[in-house]
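Keep in mind that what you see is a predicted model, and the values were worked out from it rather than measured.
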Amino acid sequence: PDLNTLDYSVWAMINRELREQEAKFPQNKKETKAAFLKRLRATALGLKKSEVTAAVKSMRRRCRAIKDAEGYFVEG
């Protein structure tokens, strides 16, 4: 996961956005799977390009850290 941009950054951004949306839902709101998938897609496509670009650009730093750690786990 240290080298997968989706794992260490993009999914976290999506998850944060989804939870912020859900915090505004009425307590009794029920969401269908289809509605959730639609909201998930819209949320992912609505991420700021600058945030996604920054996540991808951090790859070089992460690769160096993993090399320095000789393949062992590194902190984000």
query = Between atom NZ of Lys29 and atom NZ of Lys24, what is the distance when rounded to the nearest 0.5 Å?
reply = 13.0 Å
message = Ignoring hydrogens, what is the shortest heavy-atom contact between Thr43 and Ile14? Give both atom names and the distance.
response = CG2-O, 4.0 Å
Under 3.5 Å, sequence neighbours excluded: what are the donor-acceptor pairs made by side chains of residues 47-57?
unit_1 : atom_1 : unit_2 : atom_2 : d
Thr53  : OG1    : Lys49  : O      : 2.9

ask   = Is atom CZ of Arg19 surrounded by more than 12 heavy atoms (other residues, nucleotides or ligands) closer than 6.0 Å?
value = yes
task = Supply the atom-to-atom distance Arg39 CZ to Glu31 CD, rounded to the nearest 0.5 angstrom.
result = 4.0 Å
task = Find the distance between CZ (Arg64) and CZ (Arg61) and round it off to the nearest 0.5 Å.
result = 10.5 Å
ask   = When rounded to the nearest 0.5 angstrom, what is the spacing between CD in Gln21 and CG in Leu40?
value = 9.5 Å
